[in-house]
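Below: one structure, written as structure tokens.
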Amino acid sequence: MEFTAKQIAAYIQGTIVGDEQATVHTFAKIEEGMEGALSFLSNPKYTHYIYSTKSSIVLVNKDFEPEHEISATLIKVDNAYESLAKLMTLYEQSQPKRTGIDPLAYVAPTAKIGKDVYLAPFACVGDHAEIGDGTELHPHATVGRNAKVGSHCILYTHANVYHDCRVGDRCILHSGSVVGADGFGFAPSPNGYEKIPQIGIAILEDDVEIGANTCIDRATMGATIVHKGAKLDNLIQVAHNVEIGSHTVIASQTGIAGSAKIGEWCMLGGQVGVAGHIKVGNRVSVGAQSGIPGNVKDGVQLMGYPAIDPKQFARSAAIYKKLPEMYSELNRLQKEIEELKKQLNK
């Protein structure tokens with residue numbers, strides 16, 4: 001399917017610089033551009049590629065002013081990256097959707113299956129489970145007994161929704177993700193550790209995306225909740241009774257301990273650790289590999305372990321490299337002071 005620059009500009013409300021009849025049928029990175037491809041430029045580090053790219057159309061920000069001649073047709077928009085996302089979503093939605101239940105899929109007799117659902121070979125839907133309209137279960141995806149998955153969701157290979165858990169509409173669960181595994185609850189006893197039954201559930205609200213091999217544990221009691229629009233990367237651990245606010249984004253290898261509350265519109269970098277039973281406010285930004293041991297107020301930026309103000313952390317990190325020399329200098333000054341004291345005492 002081909003689109004002209006004129007059609008694209010109308011859809012994303014952009015301004016054309018060049019041939020409005022230029023056509024594209026695919027996407028490409030600007031440095032790997034080809035005829036018939038659409039690319040974008042938002043990071044200044046890639047600006048030099050725009051003068052040599054073979055792409056037919058390039059999305060750029062409105063403030064971009066070329067310094068040399070450009071062969072591609074430009075479409076100027078407020079935010080090139082955001083506009084690209086809209087176009088890629090449109091492209092994906094235009095692709096034909098698979099529907100139907102494969103003979104090798106298992107559907108319990110008591111399960112409820114919506115319209116236009118796709119169940120791949122070896123997908124499994126348990127007793128009294130519910131699958132909404134237009135949802136896709138890929139091979140070996142499993143929805144346990146009494147669980148509910150909303151409309152237009154995608155559960156990729158080996159994604160698992162455990163019994164009684166809830167998944168909203170338009171959610172995406174990538175391969176190996178687990179919603180509702182037991183929380184890490186054990187009570188020490190003279191004979192070892194006794195398992196504490198995890199009788200709660202896990203809930204994903206609408207438009208949540210869970211990365212590959214990410215685990216959302218069920219609650220000990222009540223519910224672990226990921227609120228609407230939250231996006232979680234691969235390899236994240238969300239412990240029992242955690243609550244993640246709407247539109248929060250969390251990068252890979254982050255671990256959130258039990259009963260922690262993360263606010264709305266937060267951004268957590270890779271390998272962040274969040275202690276249990278604490279509250280992180282709204283719109284908090286945390287740098288990679290930071291540790292959050294206590295409560296955090298709204299709108300704070302943090303970095304380091306324990307996490308502190310990023311500028312303070314940067315200054316501290318710069319000093320850290322000089323500590324050996326500073327330590328030697330301190331010892332030298334202490335010796336001089338001791339010598340001066342001895343002379344004064346005489």
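- Ring geometry, Phe40 versus Tyr81: the interplanar angle falls from 30° to 60°, so the pair is classed tilted.
- Enclosure of atom NZ in Lys261 by more than 12 non-hydrogen atoms of other residues, nucleotides or ligands within 6.0 angstrom is indicated.
- Under the 4.5 Å side-chain heavy-atom criterion for Ile, Leu, Val, Met, Phe, Trp and Tyr, Val179 and Ile250 are members of the same hydrophobic cluster.
- For the pair Arg145/His128, no side-chain contact is recorded, criterion being any heavy-atom separation below 4.5 Å from C-beta on.
- Within the 4.5 Å cutoff, the side chain of Met221 has heavy atoms near those of the Ile199 side chain.
- With a 4.5 Å cut-off on side-chain heavy atoms, Phe3 and Ile57 do not count as touching.
- Closest of all the heavy-atom pairs between Ala37 and Ala28 is CB-CB, 3.7 Å.
- When the side chains of ILVMFWY residues are joined at heavy-atom separations under 4.5 Å, either directly or via intervening members, Leu137 and Val107 end up in a single hydrophobic cluster.
- Distance check, rounded to the nearest 0.5 Å: CD of Glu92 to CE of Met88 gives 8.5 Å.
- In this structure a side-chain-to-backbone donor-acceptor pair under 3.5 Å is missing from Arg98 to Ala120.
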Kindly indicate, with the supporting measurements, whether the criterion side chain to side chain contact (heavy atoms under 4.5 Å, CB included) is fulfilled by Tyr91 and Thr26. CA-CA 9 Å; Tyr91 176 80; Thr26 188; 5.6 Å; no
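- Between atom OG1 of residue Thr47 and atom NE2 of residue His68 there is a gap of 10.5 Å, rounded to the nearest 0.5 Å.
- Expressed to the nearest 0.5 Å, how far CG of Leu155 lies from CD1 of Ile210 amounts to 10.5 Å.
- Residue Phe27 is grouped with residue Val24 when hydrophobic side chains (ILVMFWY) are merged at heavy-atom distances under 4.5 angstrom, including chains of intermediate members.
- For the pair Thr248 (side chain) and Gly263 (backbone), a donor-acceptor distance under 3.5 Å is present.
- Checked by atom type and distance alone, the side chain of Asn61 pairs as donor or acceptor with a backbone atom of Ala80 at under 3.5 Å.
- With hydrogens and angles disregarded, a donor-acceptor distance shorter than 3.5 Å links the side chain of Thr254 to the backbone of Gly269.
- The closest donor-acceptor contact from the side chain of Ser175 to the backbone of Thr157 lies under 3.5 Å.
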As a quick check of understanding, evaluate side chain to side chain contact (heavy atoms under 4.5 Å, CB included) for Thr214 and Ile216, giving each step before the final call. CA-CA 7 Å; Thr214 285; Ile216 314 295; 4.1 Å; yes
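- Cluster membership check: Phe184 shares its hydrophobic cluster with Tyr193, using side-chain heavy-atom separations under 4.5 Å among Ile, Leu, Val, Met, Phe, Trp and Tyr.
- For Phe186, the CZ atom is densely surrounded, since the number of other residues' heavy atoms within 6.0 Å is greater than 12.
- Panel note: side chain Asn241, backbone Gly258; no donor-acceptor pair is recorded below 3.5 Å.
- For the 3.5 Å distance criterion, the side chains of Gln237 and Asp217 qualify, holding a donor opposite an acceptor.
- Between Lys228 and Asp207, the closest side-chain pair of non-hydrogen atoms is not below 4.5 Å.
- Two residues are said to be in side-chain contact when any heavy atoms from C-beta on lie closer than 4.5 Å; His247 and Glu264 fail this criterion.
- Taken from CD1 in Ile12 to CG in Leu59, the straight-line distance is 5.0 Å, to the nearest 0.5 Å.
- The OG1 atom of Thr224 sits 9.0 Å away from the CZ atom of Arg218 when rounded to the nearest 0.5 Å.
- In this structure, CD on Gln21 lies 13.0 Å from OG on Ser56, to the nearest 0.5 angstrom.
- Take His138 and apply the side-chain hydrogen bond (donor to acceptor under 3.5 Å, both in side chains) test, not counting sequence neighbours, and it matches Glu136.
- Checked by atom type and distance alone, the side chain of Asp298 pairs as donor or acceptor with a backbone atom of Asn282 at under 3.5 Å.
- Distance alone, capped at 3.5 Å, places no donor-acceptor pair between the Glu32 side chain and the Lys29 backbone.
- Listed here is the closest heavy atom pair of Pro44 and Ser42: CD-O, 3.6 Å.
- Contact between Gly304 and Ser290 at its shortest, heavy atoms only, is N-OG, 2.9 Å.
- At a threshold of 4.5 Å between non-hydrogen side-chain atoms, the residues Asp116 and Thr99 count as touching.
- Here the shortest heavy-atom pairing between Ser39 and Ser55 reads OG-OG, 2.6 Å.
- No more than 12 heavy atoms of other residues, nucleotides or ligands shown are found within 6.0 angstrom of NZ on Lys311.
- Classification of Glu130 and Arg166 as a salt-bridged pair fails, no side-chain N sitting under 4.0 Å from a carboxylate O.
- Shortest non-hydrogen contact noted between Cys153 and Val167 is SG-CG1, 4.2 Å.
- Heavy atoms from other residues, nucleotides or ligands lying under 6.0 Å from NZ of Lys6 number 12 at most.
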Is there a side chain to side chain contact (heavy atoms under 4.5 Å, CB included) between Asp102 and Leu119 once you walk through the steps? CA-CA 6 Å; Asp102 190 276; Leu119 301 183; 5.9 Å; no
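- In the hydrophobic clustering of ILVMFWY residues, with side-chain heavy atoms under 4.5 Å counting as a link, Val300 and Ile292 come out together.
- Side-chain polar atoms of Glu205 and His227 form a donor-acceptor pair below 3.5 angstrom.
- Ile30 belongs to a hydrophobic cluster whose remaining members, ordered by chain and number, are Val17, Leu41, Tyr46, Tyr49, Ile50, Tyr51, Val58, Val60, Phe64, Ile70, Leu74; membership requires side-chain heavy atoms of ILVMFWY residues under 4.5 Å apart, directly or through intermediates.
- No donor-acceptor distance shorter than 3.5 angstrom exists from the side chain of Ser151 to the backbone of Gly132, with no hydrogens or angles considered.
- Ion pairing between a basic and an acidic side chain is recognised when a charged N comes within 4.0 Å of a carboxylate O; Lys322 and Glu325 show no such pairing.
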Val286 vs Val274, test: side chain to side chain contact (heavy atoms under 4.5 Å, CB included). Steps then yes/no. CA-CA 10 Å; Val286 184; Val274 180; over 6 Å; no
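- Between Ile244 and Leu232, the closest side-chain pair of non-hydrogen atoms falls below 4.5 Å.
- Other residues, nucleotides and ligands place more than 12 heavy atoms under 6.0 Å from the CD atom of Glu329.
- Formation of a donor-acceptor pair under 3.5 Å by the Asn146 side chain with backbone atoms of Asp164 is not found in this model.
- Considering only heavy atoms from C-beta on, Leu173 stays 4.5 Å or farther from Asn160 through its side chain.
- Between Glu336 and Arg332, at least one side-chain nitrogen of the basic residue sits less than 4.0 Å from a carboxylate oxygen of the acidic one, meeting the salt-bridge criterion.
- In plain terms, the two heavy atoms of Tyr162 and Ala147 that are nearest each other are O-CB, 3.5 Å.
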